[in-house]
Every structure is written in C-alpha cells, then in structure tokens.
Protein chains: 2
Amino acid sequence: MAVSADSAGQVKRNAPGRVRQRNRAKILQAAEHVFAERGYDGATTAAIADRAGLPKANVHYYFGTKSALYRAVIDSIIELWLEAFGDISEDSDPAETLGHYIRAKLAHSRERPLASRIFANEIIRGAPILSDYLKTDLRDWVTDKSRVLRQWANAGKMDPVDPAHLFFMIWSTTQTYADFDVQMRAVLGRQRLTDEDFETAAATITDVILKGCGIAR
Amino acid sequence: MAVSADSAGQVKRNAPGRVRQRNRAKILQAAEHVFAERGYDGATTAAIADRAGLPKANVHYYFGTKSALYRAVIDSIIELWLEAFGDISEDSDPAETLGHYIRAKLAHSRERPLASRIFANEIIRGAPILSDYLKTDLRDWVTDKSRVLRQWANAGKMDPVDPAHLFFMIWSTTQTYADFDVQMRAVLGRQRLTDEDFETAAATITDVILKGCGIAR
DNA sequence: AAGAAACTTGACCAGTTGGTCAAATTCTAG
DNA sequence: CTAGAATTTGACCAACTGGTCAAGTTTCTT
C-alpha cells in the first residue's frame with residue numbers, strides 16, 4: 001500500500017490516496033465494533049456503514065464483500081497477536097519473563113477487548129478463517145517456547161509442567177477478562193472493571209501460576 | 001410439565017403428551033447444536049428444523065419464536081450449570097474439594113461442549129438473557145464460596161488468594177477446553193483431544209492451581 | 001365410537017440482507 | 001487546465017429469514 005506520510009508519520013493533507021486510507025480505516029474500525037458486538041452473522045454491512053458514517057455502498061466499494069471485510073479485520077487482529085507474543089528465551093529469567101508475558105496478555109485484554117472477542121468468536125465458530133494460522137504460526141510458536149520451558153525445568157528453575165497446557169492456562173485466564181467481561185462485572189458488582197480489579201487480577205494470576213509452576217521470584 | 005413415566009423413568013409408549021415431549025426434546029437438541037455452531041444470529045429456524053427432522057412450522061408450533069427457543073436452550077444449560085457447581089464448604093478438605101471441582105468442570109467441558117459454547121457466546125454478546133442470572137445466582141454463589149476460601153486462608157490451609165479471581169481462573173482454564181477446542185487441537189496436532197490430553201490438562205490445571213494457592217495435598 | 005384437542009405441514013408473506021449499478025461528483029497527474 | 005481515474009450514493013434486486021395460517025391427520029377423553 002503506497003501511502004504518503006511526513007516524517008512524523010502523519011498522513012499528508014493532500015497526499016494522494018489519503019481518502020482511500022481514511023475511509024478504509026473508518027470502516028475497519030466500525031467493523032471491529034460491530035463484529036465484536038454481534039458476531040459474524042449478526043453483523044450487517046448496513047450497521048457497519050452507519051457506524052463508519054458512510055453509505056452502505058461505500059463499504060462494498062472498499063472491501064467488496066462482508067466476508068472480505070471480516071477477513072481484513074481478522075488479519076489486523078492477528079498482526080497484533082503476533083506482536084504481543086514477545087520474547088521467551090532460555091537465557092531470560094523465568095519469573096520475570098512469564099510474569100511479563102502474563103501482564104502483557106492481560107493488558108491486551110483490557111486495551112483491545114474487541115479484538116479479543118472477535119478472536120474468541122472466530123475460534124468458537126471453528127476458526128474457518130484462522131485454522132491455518134493456528135496449525136502453523138501458533139503451533140510453531142508453542143513448540144518453540146515449549147523447548148525453553150523444558151530447559152528451565154531441566155535446569156531446576158521450575159517444575160516440569162506440561163508447556164502447551166500451561167500456555168492454554170495463561171491464554172484463557174487473561175483472555176477471559178475481555179471475553180467474559182460482563183460476567184466478571186456482574187460477579188464483582190461493578191459497572192466497569194477498575195484499575196484495582198485489573199491489578200488484583202494480574203497479581204492473582206501471576207502469583208498462582210508462578211508459584212504453581214515452582215518458579216522462585 | 002405433567003409427564004407420565006413408569007417406575008424406571010421411561011416414558012410410556014402410550015402416555016399422553018409423549019409426542020409433545022419427544023418432539024420438544026428433538027428440537028431442543030437440534031437447537032443446541034445449531035446455536036453452538038452458528039451463534040444466535042447465524043442459527044436459522046430452518047436449520048434447526050432440518051436437524052430435528054421436522055418441518056419448520058413444527059418448530060414454531062412448539063416454541064413460538066426463535067428467541068423463545070433460544071431461551072429454552074439457555075435455561076436447560078443453566079440448570080446443568082447449577083448442578084455442576086457442587087459443594088464447597090469450610091469443613092471439607094481444600095485440596096480434595098477444589099481438585100474435585102476443577103475436574104468436574106473440565107469433565108463438563110468435555111461432555112457438554114455445545115452447552116459451554118452457547119454459554120460463551122451468550123456472555124460475549126453481553127449476556128442479554130443471562131445478565132440477571134449472573135447478577136443474582138452466580139454472584140451469590142461466589143460470595144458464599146469466597147467466605148469459605150477466606151476461612152481456609154485464615155486457618156492456614158491456603159494462601160490468601162483473592163477468591164473471585166481464583167474462581168475466574170478455574171472457570172476460564174476449564175471452559176477453554178470446550179470453547180477453544182479447535183485451537184488446542186491445532187496446537188497439539190490432534191484430530192480430536194484424547195483421554196490423555198484431558199488427563200494432562202486436568203493434572204496441569206489442578207497441580208498449578210493448588211500449589212499456586214499454597215494448598216498442601 | 002365420536003367429538004374435541006393436539007399435532008402436522010405445504011404454501012405463503014412481509015421484512016431484511018448482502019450485493020449491484022449507473023449516474024454524478026471529486027481527485028489527480030501531466 | 002483538463003482528461004481520466006477514483007470515489008460517492010440513492011435506487012434497486014434476488015435470496016433468505018422468522019413467522020403465519022388453514023386444511024388435514026392423529027391422538028386423547030369420555
């Protein structure tokens with residue numbers, strides 16, 4: 001995508017393609033909202049267009065079909081996902097590394113709950129779009145990091161916990177704060193989850209998992 | 001619901017109402033499948049009728065509207081949920097009680113994945129139907145059991161872990177095996193999760209959480 | 001047995017949905 | 001400035017959806 005930008009990364013007022021870029025961005029953002037709130041089938045292109053402040057025909061002009069738009073949204077989410085994965089290498093300190101990873105995942109749930117919900121919906125639906133990604137990139141990542149965890153265990157830095165299932169634990173405990181937000185709010189009696197709630201969550205998850213894996217801090 | 005049944009609980013061949021009972025059951029089962037696979041908006045009454053082997057008009061004859069049918073499905077799921085909650089009282093042994101609770105939840109994810117997925121979908125959608133249940137029954141349950149966990153902590157039987165967030169951990173780590181089944185299968189490279197997979201999952205979750213809470217076994 | 005109640009079902013309908021299109025307008029490059 | 005490309009948009013459409021209905025069939029009650 002050829003986009004003109006000045007040194008500060010701002011899009012130039014009169015750069016060619018700026019309309020395209022702005023409208024695509026507006027639509028993608030609107031689509032993220034609507035897909036997250038209503039699911040793929042529940043989302044209508046009309047609702048997305050409304051939220052983007054554009055006529056429906058415009059949405060189709062930029063993305064063709066609803067399914068293509070959904071794909072574009074999913075793609076941008078996966079890009080985020082991969083960034084957030086961060087580094088876990090054998091040289092680093094287990095407590096610090098895993099602690100950091102857990103907090104990063106939780107922060108992501110808080111900052112991008114829509115992305116998390118769309119991802120969750122996609123997986124529950126059987127991952128029609130993401131199944132390739134799961135079987136390749138994600139699987140490789142887990143295989144890779146599992147090696148590190150096993151080395152830590154061999155070095156006596158942690159218990160020999162099954163690495164894949166441990167990652168499942170970390171993913172689920174952190175994602176649940178985005179996907180099941182309503183449930184947590186209902187149980188905790190909150191209108192919105194507060195800073196303290198997230199701090200308690202982070203502390204609880206980190207403490208339990210690190211101690212549970214026999215990782216000294 | 002007045003249903004005639006013999007001493008073994010079997011519905012009598014010629015008991016009045018047996019047609020109604022059988023068809024309602026067929027439709028509910030079909031609806032559970034379709035709602036779990038496609039979500040509320042994605043599910044069509046025609047698809048549900050097809051799966052139940054009945055004409056669409058028949059579905060409407062028994063349940064009126066799609067939304068009423070959805071409600072009926074949700075109700076039957078919540079009934080299950082409440083049963084599965086089991087007993088957690090201060091006299092019981094923490095390790096045994098929590099261990100049992102975790103295994104029961106995981107078994108439920110394995111045996112009734114459709115129910116779990118419908119529940120997840122409902123919560124992600126903002127719990128339009130279940131929000132009352134979350135704010136009353138579920139919240140009360142957590143409040144009640146939190147007292148027990150605090151007593152265990154005071155008695156030195158476990159660390160003073162935040163009870164609500166601990167329950168969130170247990171729920172998410174066990175439910176993820178139903179809701180995110182595709183993801184686990186992709187990562188583990190399985191066509192289906194095996195007995196061993198579930199045993200490893202149960203062991204990992206139980207070990208990490210119990211040890212992480214400082215519960216001796 | 002026979003009338004009443006419950007059930008079955010194909011045909012039908014109005015509203016919604018994703019998607020198209022052509023005419024009008026705005027940009028952009030030379 | 002101007003021709004061609006890109007964008008905008010209201011009107012439109014075929015397919016599908018949840019839901020209805022009336023006429024027939026089966027089951028139940030007495």
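Residue numbering restarts at 1 for every chain, and letters A, B, ... go by the order of the sequence lines.
- Heavy-atom distances under 4.0 Å link DNA chain C to B:Pro55, B:Ala57, B:Asn58, B:Tyr61, B:Tyr62 of residues 50-74 of chain B, given in residue order.
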Report all side-chain donor-acceptor pairs from residues 110-126 of chain B shorter than 3.5 Å, counting only partners two or more places apart or in another chain.
residue	atom	partner	partner atom	Å
B:Arg110	NH1	B:Asp195	OD1	3.2
B:Arg110	NH2	B:Asp195	OD1	2.8
B:Arg112	NH2	B:Glu32	OE1	3.1
B:Arg112	NH2	B:Glu32	OE2	3.0
B:Ser116	OG	B:Asp179	OD1	2.9
B:Arg117	NE	B:Ala178	O	3.1
B:Arg117	NH2	B:Ala178	O	3.2
B:Glu122	OE1	B:Tyr70	OH	2.6
B:Glu122	OE2	B:Ile129	N	2.7
B:Glu122	OE2	B:Leu130	N	3.0
B:Arg125	NH1	B:Asp41	OD2	3.3

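- End-to-end axis angle for the helix from C:dA1-D:dT30 to C:dG30-D:dC1, using five pairs per end and rounding to 10°, comes out at 30°.
- The separation between A:Arg24 atom CZ and D:dA6 atom P is 14 Å, rounded to whole Å.
- In this structure, B:Lys135 fails the cation-pi test against B:Trp141, since its NZ or CZ atom is not both closer than 6.0 Å to the six-membered ring centre and inside 45 degrees of the ring normal.
- Applying the side chain to side chain donor-acceptor pair (under 3.5 Å) rule to A:Asp207 yields the partners A:Arg217; only residues at least two apart in sequence or on another chain are considered.
- Within residues 26-39 of chain B, no residue has any heavy atom under 4.0 Å from DNA chain C.
- Look at CZ on B:Arg22: it is 17 Å from P on C:dA6, rounded to the nearest Å.
- If you check the side chains of B:Ser92 and B:Thr97, you find a donor sitting under 3.5 Å from an acceptor.
- At D:dA6, none of the side-chain N or O atoms of A:Asn23 fall inside 4.0 Å of OP1 or OP2 (strictly under the cut-off).
- Side chains of A:Asp197 and A:Thr200: no donor on one and acceptor on the other come within 3.5 Å.
- Contacts of A:Arg103 classified as side chain to side chain donor-acceptor pair (under 3.5 Å), with partners at least two apart in sequence or in another chain: A:Glu199.
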**Request:** For the pair A:Arg185 and A:Asp181, evaluate salt bridge (charged side-chain N to carboxylate O under 4.0 Å, His left out) and give the outcome as yes or no after the intermediate values.
**Result:** CA-CA 6 Å; A:Arg185 286 192 284 114; A:Asp181 170 70; 2.8 Å; yes
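- Ring planes of A:Phe35 and A:Tyr40: parallel class, angle under 30° (limits at 30 and 60°).
- Between the side chains of A:His165 and B:Tyr177, at least one donor N or O lies within less than 3.5 Å of an accepting N or O.
- Checked by atom type and distance alone, the side chain of B:Thr174 pairs as donor or acceptor with a backbone atom of B:Trp171 at under 3.5 Å.
- One finds no side-chain N or O of B:Arg20 lying less than 4.0 angstrom from the OP1 or OP2 phosphate oxygen of C:dA6.
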